[in-house]
Number of protein chains: 2
Amino acid sequence: MAEGAPRRQPTLDEVAERAGVSRSVASRALNNAPHVSRAKREAVERAVRQLGYVPNPTARALATRQTGAAALVISGEDPSIFADPFFAQVIVGASAALEEAGLHLMLCLAASPRGRERVAELLRGKGADGAMLMALREGDPLAELAERAEMPVVFGGRPVGATPRWYVDADNTGGAREATEYLLSRGRGRVATICGRLDTEAGRARYRGYRDAMLGAGLDPLPPREADFTEAGGAAAMAALLAEHGDLDGVFAANDNMAVGALRTLREAGRPVPAEVAVVGFDDLAVARVADPPLTTVHQPVTALGREMARMLVALVGGQDPTPLILPTRLVVRASA
Amino acid sequence: MAEGAPRRQPTLDEVAERAGVSRSVASRALNNAPHVSRAKREAVERAVRQLGYVPNPTARALATRQTGAAALVISGEDPSIFADPFFAQVIVGASAALEEAGLHLMLCLAASPRGRERVAELLRGKGADGAMLMALREGDPLAELAERAEMPVVFGGRPVGATPRWYVDADNTGGAREATEYLLSRGRGRVATICGRLDTEAGRARYRGYRDAMLGAGLDPLPPREADFTEAGGAAAMAALLAEHGDLDGVFAANDNMAVGALRTLREAGRPVPAEVAVVGFDDLAVARVADPPLTTVHQPVTALGREMARMLVALVGGQDPTPLILPTRLVVRASA
DNA sequence: CACCCCGTTGGGAGCGCTCCCATTGGAAGC
DNA sequence: GCTTCCAATGGGAGCGCTCCCAACGGGGTG
């Protein structure tokens with residue numbers, strides 16, 4: 001907080017007066033728009049420097065009807081979902097792309113009812129120039145809010161049961177299929193999957209990939225063994241799997257967190273990885289490299305996902321009509337399979 | 001994006017007209033301020049519902065000189081610093097507290113020069129009602145920006161070399177001392193430390209804690225072995241430590257990431273943990289529980305840190321003058337030491 | 001019955017900026 | 001030398017909301 005007298009911030013009028021020009025000219029000079037003589041432009045710049053003028057973003061927003069901010073909304077019934085480093089990566093990408101476009105990032109963790117309400121306000125009132133929505137589950141109230149939103153909305157991953165106009169997604173099915181096929185190609189014949197929440201499209205798509213690969217190899221896919229994308233959930237699912245199918249020799253986990261959990265369970269059960277059971281994850285987050293053994297996993301360009309979402313939103317805000325994007329995944333082979 | 005005709009959002013004037021009252025009364029009714037008769041209040045509420053009116057936050061911000069948003073600024077020369085799950089936890093806490101106060105969260109990753117410039121704008125122009133600054137390094141340009149900021153600023157952790165007026169920090173020195181003392185108390189006599197970046201106050205404070213504990217036990221502290229708070233950095237530092245002091249039997253790493261790296265190096269070097277070398281970390285992030293062996297570490301209330309920063313900021317915005325806060329840490333004993 | 005008090009009410013002046021538009025004047029064209 | 005054109009300029013009207021303040025009127029008091 002500034003010390004001393006509560007001197008107001010200088011306004012554009014004061015800058016104009018100091019520079020000996022009209023407010024209009026000062027405004028144009030500031031936004032370096034045309035129709036300003038070199039002399040006046042410099043006079044304005046000098047005045048700005050002398051007064052330490054900084055434009056008031058709120059006033060500008062009101063006049064231009066643009067807030068200069070984009071919202072990133074992460075759904076979930078409980079804030080702990082955000083602990084997944086996946087989101088941090090997305091944010092890094094989105095933040096960079098937004099920064100490039102001169103937009104600020106508003107982060108909304110739509111966990112509590114109160115939070116969801118605030119998101120609704122943001123979307124319905126013009127609290128941002130656009131929004132990115134992620135992690136929607138089936139029947140997510142956010143989906144409806146997105147419909148009513150007074151601004152462009154880009155989805156990160158697709159919501160369940162509907163294909164929005166604009167989204168960026170990873171090739172979940174393809175990646176999962178590749179992972180499973182890899183396990184099969186390495187001679188694993190009894191491959192199970194720990195799938196993510198089936199009330200998310202990513203969870204379903206990855207299960208489809210597993211199923212397709214199994215069917216393609218003439219094998220019976222196991223029914224979905226659902227977990228919640230967390231390490232603990234993965235560990236529990238692995239234990240259940242082991243109890244039911246003691247003879248399995250391969251597991252595709254629908255994300256790295258769950259794969260790490262599976263690894264832990266297998267270690268505790270004395271089932272060496274990959275000797276007895278091979279494990280493949282999905283995401284390729286930092287944890288995959290550090291796991292023991294290092295995790296073979298489906299790499300998903302998470303930072304790019306954030307970046308492309310933001311870019312798509314920027315295009316939308318700029319009046320363009322971008323096309324949805326599906327980012328490629330690729331298998332990264334490490335020691336676990 | 002709304003379909004159909006580009007109908008404008010209804011304004012307060014339209015609501016007032018519809019309700020048969022003046023704009024003033026409508027405004028008061030909306031903000032449920034006094035001096036509005038029951039009848040008119042209800043008429044306004046009805047009109048709001050019928051028109052689907054949502055107040056324009058920008059206009060409100062301009063009139064009240066309050067943006068309704070708080071910025072969380074994370075410094076760092078490179079966005080990857082944000083990959084540290086530490087920040088995600090802070091955000092969860094801050095977000096919840098801000099939500100309670102009806103403020104939005106603007107997240108600023110001040111990594112690139114461009115990003116820092118935008119933060120400067122935000123802080124100098126009134127782009128937010130207040131800011132929380134984290135992860136400042138020695139000589140960080142953000143420190144000066146904070147001085148000039150036209151809004152209250154709360155620090156998360158203290159900047160190097162200066163104690164700001166308002167901050168929330170963890171008891172870094174105390175925690176590090178406790179960790180080291182624990183190692184010593186378990187009969188480890190040759191205890192080294194992998195300290196974090198010494199251009200951060202947290203890095204320095206934790207080294208001081210180690211040093212104090214060593215001196216307190218009449219032992220010679222080893223000189224700081226600096227790493228960058230990452231897993232890879234921790235692994236490298238551990239390797240160097242092993243090369244120089246092959247006989248060490250205890251390591252205090254200044255955060256969990258580095259501790260996990262150290263664990264990996266020790267495993268690769270065939271030095272069983274904790275049998276030959278005991279390891280203690282700092283932070284108690286999720287990774288500590290999952291590590292192999294599970295990591296003994298200094299628990300730091302990270303979510304509370306975010307929450308308290310936000311609460312302090314809210315108090316400040318509300319015109320109060322809160323006092324700085326130092327949150328307690330505590331040792332969590334697991335298998336690694 | 002005059003007077004005062006106070007809850008209601010609405011008019012109007014901003015908040016600080018953008019942008020449309022009419023005006024000006026000098027350079028270029030004939 | 002006169003018209004034409006256009007860059008440069010500044011006045012003014014908003015953007016949608018808050019809030020001060022004067023005005024109004026009904027009930028209570030002396």
Side-chain angles (χ1 to χ4, degrees), chain A residues 6-44 47-48 51-69 102 121 124-129 150-151, chain B residues 6-44 47-48 51-68 102 121-122 124-129 150-151:
Chain A
R7 63 173 195 301
R8 241 183 43 280
Q9 292 251 90
T11 71
L12 186 55
D13 284 277
E14 292 170 77
V15 170
E17 191 182 359
R18 177 125 192 175
V21 302
S22 74
R23 191 170 6 94
S24 305
V25 171
S27 173
R28 264 176 251 135
L30 235 69
N31 300 298
N32 42 53
H35 305 304
V36 182
S37 67
R38 184 179 184 77
K40 304 231 165 187
R41 196 179 291 274
E42 281 167 2
V44 171
V48 164
L51 262 41
Y53 170 77
V54 182
N56 180 320
T58 305
R60 189 181 297 215
L62 183 58
T64 60
R65 298 150 167 285
Q66 303 222 53
T67 63
E121 259 172 44
R124 303 220 25 233
K126 274 201 77 36
D129 294 342
E150 291 289 330
M151 63 185 75
Chain B
R7 62 171 199 302
R8 242 182 46 277
Q9 293 251 93
T11 70
L12 186 55
D13 283 278
E14 294 170 73
V15 170
E17 192 182 358
R18 177 122 192 175
V21 303
S22 75
R23 192 168 8 91
S24 305
V25 170
S27 173
R28 264 178 250 134
L30 235 68
N31 299 300
N32 43 54
H35 302 305
V36 182
S37 65
R38 185 180 182 76
K40 305 233 165 187
R41 196 179 292 273
E42 280 167 3
V44 170
V48 163
L51 263 39
Y53 170 78
V54 182
N56 180 319
T58 306
R60 190 184 297 224
L62 183 58
T64 59
R65 298 148 168 286
Q66 302 223 53
T67 64
E121 259 171 44
L122 190 78
R124 302 219 26 234
K126 274 203 73 43
D129 294 342
E150 291 289 331
M151 62 184 75

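Hydrogens, waters and symmetry mates play no part in the numbers below; they use all other heavy atoms, side chains included. Letters A, B, ... mirror the listed sequences (proteins, then strands); counts begin at 1.
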5′-ward residue of the pair Arg65(B)/Gly20(B) relative to DNA chain C: Gly20(B)

Per the salt bridge (charged side-chain N to carboxylate O under 4.0 Å, His left out) rule, what does the pair list look like for residues 52-67 of chain B, sequence neighbours excluded? none

In degrees rounded to 10°, what angle is found between the helical axes fit to the five outermost pairs at each end of the helix from dC1(C)-dG30(D) to dC30(C)-dG1(D)? 40°

Could you work out, with salt bridge (charged side-chain N to carboxylate O under 4.0 Å, His left out) as the rule, every residue matching Glu17(B), not counting sequence neighbours? none

Shortest non-hydrogen contact from Val15(B) toward Ala47(B): O-CB, 3.7 Å

Judged by atom type as modelled, is there a donor-acceptor pair below 3.5 Å linking the side chain of Thr67(A) to the main-chain atoms of Asp129(A)? yes

Closest approach of Lys40(B) and Val25(B), non-hydrogen atoms and distance? CB-CG1, 4.2 Å

How close do Tyr53(B) and Leu30(B) get, heavy atom to heavy atom, and via which atoms? CE2-CD2, 3.3 Å

First contact, last contact: which nucleotides of DNA chain C are these for chain B, 5' to 3', heavy-atom distance under 4.0 Å? dG7(C) to dG16(C)

Contacts satisfying salt bridge (charged side-chain N to carboxylate O under 4.0 Å, His left out) that involve residues 19-38 of chain A (not counting sequence neighbours) are Asp13(A)-Arg23(A), Arg38(A)-Glu42(A)

What's the spacing between Leu62(A) CG and Asn56(A) CG if we round to 0.5 Å? 10.0 Å

Donor-acceptor contact present, side-chain Glu121(A) to main-chain Pro55(B), <3.5 Å: no

Tell me which residues in residues 23-39 of chain A lie within less than 4.0 Å of DNA chain D, going by non-hydrogen atoms. Arg23(A), Ser24(A), Val25(A), Arg28(A), His35(A), Val36(A), Ser37(A)

May I ask you to decide if Gly52(B)'s main-chain N or O and Arg124(A)'s side chain share a donor-acceptor pair within less than 3.5 Å? yes

